[in-house]
Amino acid sequence: MTSRRTVIAAAAAGWAATMTTPGTAQAAAGRTAPARERFGRLPDGTPVDRWTLENGGIRLRVLSYGGIVQSLEVPDRHGRRANVSLGFADLAGYLEHSPYFGALIGRYGNRIAEGRFTLDGHTYRLPVNDGPNSLHGGDKGFDKRVWDVAPWSRGGAVGLALTRVSPDGEMGYPGTLKVRVDYVLTQGGDFRITYEATTDAPTVVNLTNHTYFNLAGEGSGSVQEHGLRLAASRYTPVGAALIPTGELARVAGTPFDFRAPKPIGEDLRVAHEQVLYGQGIDHNYVLDAGVTDRPEHAATVTEPSSGRVLRIATTEPGVQLYTGNFLDGSFAGTTGKVYRQSDGFCLETQHFPDSPNQPSFPSTVLRPGDTYRSETVHSFGHH
């Protein structure tokens, strides 16, 4: 097994500088038109489809249920492709369990304290589904809805346009929200996600994707040896219920410092109050770039055994690092392997948790006449 010291040495040599795109695998794979197949039916009979996209050496499979990234296959340093996302082999797995594997999250990604917020003098109440809080849009958020899906192909890219209308009052949120999310594969080996939304009444919106990654391959075990670098000098500490305190604390001198690359698991067992609250890391990082018009670098992850590299850029001001703390071995994934703690990690680009109740945080309010826009780019390569 590669040691942590070896991982750190590789990081010091400059992962980003040595990263290459899929190269020959990309040329061989080429681009194929999106293909649809039936994946199953919901208990009420509603059909659920699975779409397959392929471009730039990457193969992506997406479900109409929850906009779920069911698998994401990318090549390693030898051109061998493997699925690097956690998920289930059939629809029953997604219906019976709710770890948000690969899901499109909304209306509000992350937690809202006590399931309520006040906007323009009116208090709105949301379903409470995470202790005292509302999590990821409530107990039937966007991750549990069937989306309309339309394939497209242009300019060397292939994509899926996922759309739905969230009616006024759905999960307690005000305003009729019209949403479009595009999943895109480029010739250069990028997986892009773009989000757009409009409303007919003032509301709050914070959309993200909840893919769990394991760059060694789904079901291969712990991600603690993955090297991680985050472009964040601060993070948002939380209380015992995992709601931000409002402080933007410096990461320097804490287990949350990933400004220089280090293994994800290096400080997961440190007796730090914040690590104890999250049973690992389940925290929002304040990206140094802030809100941007174009995607800026947020994170780089390298897996030593396969050589796979994931670089994430976003227009969002934050990213939630989640180290799979609540995976407890109670269910198996795509290939029948049981998922245990730290068998996957998430980097959920976002505005900050509980922003509707935190006036000092970047606003998540969307008003009629304005358009919510966000973009996140996952660039895959190897070293």
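- Salt bridge present: Glu54 and Arg81 bring a charged side-chain N and a carboxylate O closer than 4.0 Å.
- The cluster map of Ile, Leu, Val, Met, Phe, Trp and Tyr, joined by side-chain heavy atoms under 4.5 Å apart, puts Tyr277 and Leu135 in different clusters.
- Asn325 and Gln341 are not linked by any side-chain donor-acceptor pair at a separation below 3.5 angstrom, with hydrogens and angles left out of the test.
- Looking at Asn206 and Thr364, their side chains never bring a donor and an acceptor atom within 3.5 Å of each other.
- A salt bridge is absent between Asp328 and Arg340; no separation between the charged side-chain nitrogens and carboxylate oxygens falls under 4.0 Å.
- Ring-plane geometry between Tyr235 and His283 is classed as perpendicular, the angle between the planes exceeding 60 degrees on a 0 to 90 degree scale with a lower cut at 30.
- For the pair Glu316 (side chain) and Ser374 (backbone), a donor-acceptor distance under 3.5 Å is absent.
- Remark: the backbone N or O of Leu215 is paired with a side-chain donor or acceptor of His226 at under 3.5 angstrom.
- Ring pair Tyr285/Phe258 is perpendicular by interplanar angle, where above 60° counts as perpendicular and below 30° as parallel.
- Arg50 and Gln70 are linked by a side-chain donor-acceptor pair at a separation below 3.5 angstrom, with hydrogens and angles left out of the test.
- Checked by atom type, the side-chain pair Tyr94/Asp143 shows no donor-acceptor distance below 3.5 Å.
- Salt-bridge annotation for Arg111 and Asp354: absent, with no side-chain N of the basic residue lying under 4.0 Å from a carboxylate O of the acidic one.
- With respect to the salt-bridge test (charged N to carboxylate O, under 4.0 angstrom), the residues Asp200 and Arg367 do not qualify.
- Side-chain contact annotation: Thr118 with Thr123, donor-acceptor N/O pair under 3.5 Å present.
- Residue Glu170 forms a salt bridge (charged side-chain N to carboxylate O under 4.0 Å, His left out) with just one option from Lys144, Arg164, Lys140, and that option is Arg164.
- Looking at Arg180 and Glu196, no side-chain N of the basic residue comes within less than 4.0 Å of a carboxylate O on the acidic one, giving no salt bridge.
- Screening residues 286-296 for side-chain hydrogen bond (donor to acceptor under 3.5 Å, both in side chains) gives Ser233-Asp288 as the qualifying pairs, with residues at least two apart or on separate chains.
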Show, in sequence, the C-alpha distance, side-chain angles and deciding distance for Asp282 and Phe326, and conclude whether the side-chain contact (heavy atoms from CB on, under 4.5 Å) test is met. CA-CA 10 Å; Asp282 188 8; Phe326 302 110; 4.2 Å; yes
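- Side chain of Arg36 to backbone of Thr52: no donor-acceptor contact under 3.5 angstrom is found.
- Linking ILVMFWY residues whenever their side-chain heavy atoms come closer than 4.5 Å, directly or via other members, leaves Ile281 and Tyr100 in distinct clusters.
- For the pair Arg145 and Trp147, the cation-pi criterion (under 6.0 Å, within 45° of the ring axis) is not fulfilled.
- Residues Asn110 and Glu348 bring no donor and acceptor atom of their side chains to less than 3.5 Å of each other.
- At a threshold of 4.0 Å, the pair Arg192-Glu375 counts as salt-bridged, since one of the basic side-chain nitrogens sits closer than that to a carboxylate oxygen.
- Donor-acceptor pairing under 3.5 Å is recorded for the side chains of Gln320 and Gln350.
- A salt bridge does not link Glu114 with Arg125: none of the charged nitrogens is closer than 4.0 Å to a carboxylate oxygen.
- Hydrophobic cluster membership differs between Phe352 and Phe256, with clusters built from Ile, Leu, Val, Met, Phe, Trp and Tyr side chains linked at under 4.5 angstrom.
- Counted by atom type alone, Glu218 and Tyr339 present one or more donor-acceptor pairs between their side chains at under 3.5 Å.
- Between Tyr212 and His210, the ring-plane angle classifies as tilted under the 30° and 60° cut-offs.
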Stepwise side-chain contact (heavy atoms from CB on, under 4.5 Å) check, Phe191 with Val377: CA-CA 6 Å; Phe191 169 36; Val377 181; over 6 Å; no
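- By the criterion of side-chain heavy atoms lying less than 4.5 angstrom apart, applied directly or through intervening Ile, Leu, Val, Met, Phe, Trp or Tyr residues, Ile105 is not grouped with Ile112; the two fall into different hydrophobic clusters.
- Put simply, Met171 and Val165 are part of two different groups of oily side chains (I, L, V, M, F, W, Y) that touch within less than 4.5 Å, one to the next.
- Ser64 and Asp49 form no side-chain donor-acceptor contact under 3.5 Å, judged by distance and modelled atom types alone.
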Using side-chain contact (heavy atoms from CB on, under 4.5 Å), reason through Val128 and Asn133 one step at a time and then give a plain yes or no. CA-CA 5 Å; Val128 171; Asn133 309 314; 5.7 Å; no
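- By the 6.0 Å contact criterion, CZ on Arg250 is open, its count of non-hydrogen atoms from other residues, nucleotides or ligands being 12 or less.
- Looking at Ser306 and Glu303, their side chains do bring a donor and an acceptor atom within 3.5 Å of each other.
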